[in-house]
**Student:** 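The structure that follows is given in the form of structure tokens.
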Amino acid sequence: MRGIGAFKQRLPAPEDALPGRAEPLPLHNVHFVNGQPLRGQFPGMQTIDLGLGCFWGAERRFWQLPGVVTTAVGYQGGYTPNPTYEESCTGLTGHTEVVRVVFDPARVSLAEVLATFWESHDPTQGMRQGNDVGTCYRSAIYCHSPEQFAAARSSAAAYQQQLDAAGYGPITTEIVHPAPPFYYAEDYHQQYLAKNPGGYCGLGGTGVSCPLGLDVDG
């Protein structure tokens, strides 16, 4: 179980959230693996933000996906502006750990990105992912367009059918549009498992495949 306050399983009320700070955390704006910017404008690309547990292993899953241009990890879905990792782990920011995925839709479809998301974790666990327990590990899809939102909801419905057949419970994934503010995590978290090949990775799926033959592109 990583982090302090990992027992936190209830989101804070806005008035109880930590105050955070106005200035973003320092960011070395170069992807450690592929040299692309982490933050910036990406004409012709799509961006989607995905929470699926510990962001170290989750980010690696997506930078390895052909057609993904860049990835970055951060905090999203809560109240505290520009939180630190330690603050997020208390459960008092309301954020979950997420991966920002920028991808080329001519090379990889949104359906494939979403299938990778569903198959890489267990989206039925609520405020946890395996042994990582707390609100900062909850499952989430934060969409950057109405088309992404519709596609995410459609893919969730399709995957729920597969999970039902395998004996799993209901999906607890947040699916939100428009995407709430994304706050880049500290530099040492960015591409962490490339910098630390022996580092912790708690990522694990259900073994249930997500169908790709549905109209979930956006």
Side-chain angles (χ1 to χ4, degrees), residues 9 11 45-69 71-78 95-180 182 201-218:
Q9 296 194 64
L11 289 169
M45 303 298 106
Q46 284 197 38
T47 299
I48 193 167
D49 303 318
L50 304 169
L52 52 157
C54 171
F55 51 19
W56 293 345
E59 186 185 17
R60 179 171 62 182
R61 187 64 53 89
F62 287 100
W63 84 55
Q64 293 177 337
L65 185 65
V68 169
V69 175
T71 57
V73 296
Y75 313 108
Q76 197 170 14
H95 294 299
T96 188
E97 295 188 8
V98 297
V99 182
R100 171 154 286 185
V101 180
V102 181
F103 64 98
D104 182 349
R107 297 179 56 210
V108 61
S109 68
L110 177 59
E112 291 173 277
V113 173
L114 290 170
T116 300
F117 166 80
W118 294 119
E119 293 174 0
S120 296
H121 74 305
D122 181 349
T124 70
Q125 293 192 356
M127 300 298 184
R128 67 180 299 159
Q129 196 56 219
N131 290 328
D132 293 329
V133 181
T135 57
C136 58
Y137 302 114
R138 69 189 188 271
S139 177
I141 304 174
Y142 298 128
C143 304
H144 288 246
S145 70
E147 293 78 17
Q148 284 187 357
F149 182 65
R153 287 171 60 90
S154 177
S155 70
Y159 197 49
Q160 184 67 69
Q161 293 182 12
Q162 304 298 106
L163 291 171
D164 289 344
Y168 284 86
I171 287 173
T172 59
T173 304
E174 295 177 10
I175 302 177
V176 176
H177 177 262
F182 174 93
C201 176
L203 202 66
T206 61
V208 178
S209 296
C210 181
L212 280 175
L214 298 172
D215 183 16
V216 296
D217 283 322

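These numbers come from the heavy atoms of this one structure, side chains and all, not from hydrogens, waters or symmetry mates.
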**Student:** Quick one: closest heavy-atom pair of Gln129 and Asp122, and the distance?
**Tutor:** OE1-N, 2.7 Å
**Student:** Shortest non-hydrogen contact from Gly57 to Leu203?
**Tutor:** O-CD2, 3.6 Å
**Student:** Test of understanding: with ring pair (Phe, Tyr, Trp, His ring centres under 6.0 Å), list the residues that count as partners of Tyr168, not counting sequence neighbours.
**Tutor:** none
**Student:** Taking C-beta and beyond as the side chain, do Val208 and Trp118 meet within less than 4.5 Å on heavy atoms?
**Tutor:** no
**Student:** Not counting sequence neighbours, which residues clear side chain to side chain donor-acceptor pair (under 3.5 Å) with Gln76? List them please.
**Tutor:** Asp49
**Student:** For residues 60-69, please give each side-chain donor-acceptor pair under 3.5 Å, one per line with the distance, not counting sequence neighbours.
**Tutor:**
{"from": "Arg61", "atom 1": "NH1", "to": "Ser120", "atom 2": "OG", "distance (Å)": "2.8"}

**Student:** Report yes if the side chains of Arg100 and Thr47 come closer than 4.5 Å at any heavy-atom pair, otherwise no.
**Tutor:** yes
**Student:** With sequence neighbours excluded, give me every salt bridge (Lys or Arg N to Asp or Glu O under 4.0 Å) pair touching residues 150-165.
**Tutor:** none
**Student:** Hydrogens and angles aside, do Glu112 and Ser109 bring a side-chain donor and acceptor to less than 3.5 Å of each other?
**Tutor:** yes
**Student:** Compare every heavy atom of Thr173 with every heavy atom of Ser139, then report the nearest pair and how far apart it is.
**Tutor:** OG-OG1, 2.7 Å
**Student:** Could you check whether any side-chain N or O of Thr124 sits under 3.5 Å from a backbone N or O of Gly169, counting only pairs where one atom can act as donor and the other as acceptor?
**Tutor:** no
**Student:** Would you confirm whether Gln162, through its side chain, and Pro211, through its main-chain N or O, come within 3.5 Å as a donor-acceptor pair?
**Tutor:** no
**Student:** With sequence neighbours excluded, tell me which residues meet side chain to side chain donor-acceptor pair (under 3.5 Å) with Thr172.
**Tutor:** none
**Student:** Any idea which heavy atoms bring Leu50 and Val113 closest together, and the distance?
**Tutor:** CD1-CG1, 4.1 Å
**Student:** Applying side chain to side chain donor-acceptor pair (under 3.5 Å), name anything that partners Thr71, two or more places apart in sequence or on another chain.
**Tutor:** His31, Glu59
**Student:** Take Gln46 and Phe103 through the side-chain contact (heavy atoms from CB on, under 4.5 Å) test and state the conclusion after the steps.
**Tutor:** CA-CA 5 Å; Gln46 284 197 38; Phe103 64 98; 3.5 Å; yes
**Student:** I want to check something: taking the side chain as every heavy atom from C-beta on, are Ile175 and Phe149 in contact at a cut-off of under 4.5 Å?
**Tutor:** yes
**Student:** Indicate whether any N or O donor in one side chain lies under 3.5 Å from an N or O acceptor in the other, for Thr206 and Tyr159.
**Tutor:** yes
**Student:** Can you name the residues that form a side chain to side chain donor-acceptor pair (under 3.5 Å) with Thr116, not counting sequence neighbours?
**Tutor:** none
**Student:** Which heavy-atom pair separates Cys136 from Thr96 by the least distance, and what is that distance?
**Tutor:** O-OG1, 3.1 Å
**Student:** In chain order, what residues pass the ring pair (Phe, Tyr, Trp, His ring centres under 6.0 Å) check against Phe117, with sequence neighbours excluded?
**Tutor:** His121
**Student:** May I ask you to decide if Gly205's main-chain N or O and Glu119's side chain share a donor-acceptor pair within less than 3.5 Å?
**Tutor:** no
**Student:** For Glu174 and Tyr142, which I'm curious about, is there any donor-acceptor pair between the side chains at under 3.5 Å?
**Tutor:** yes
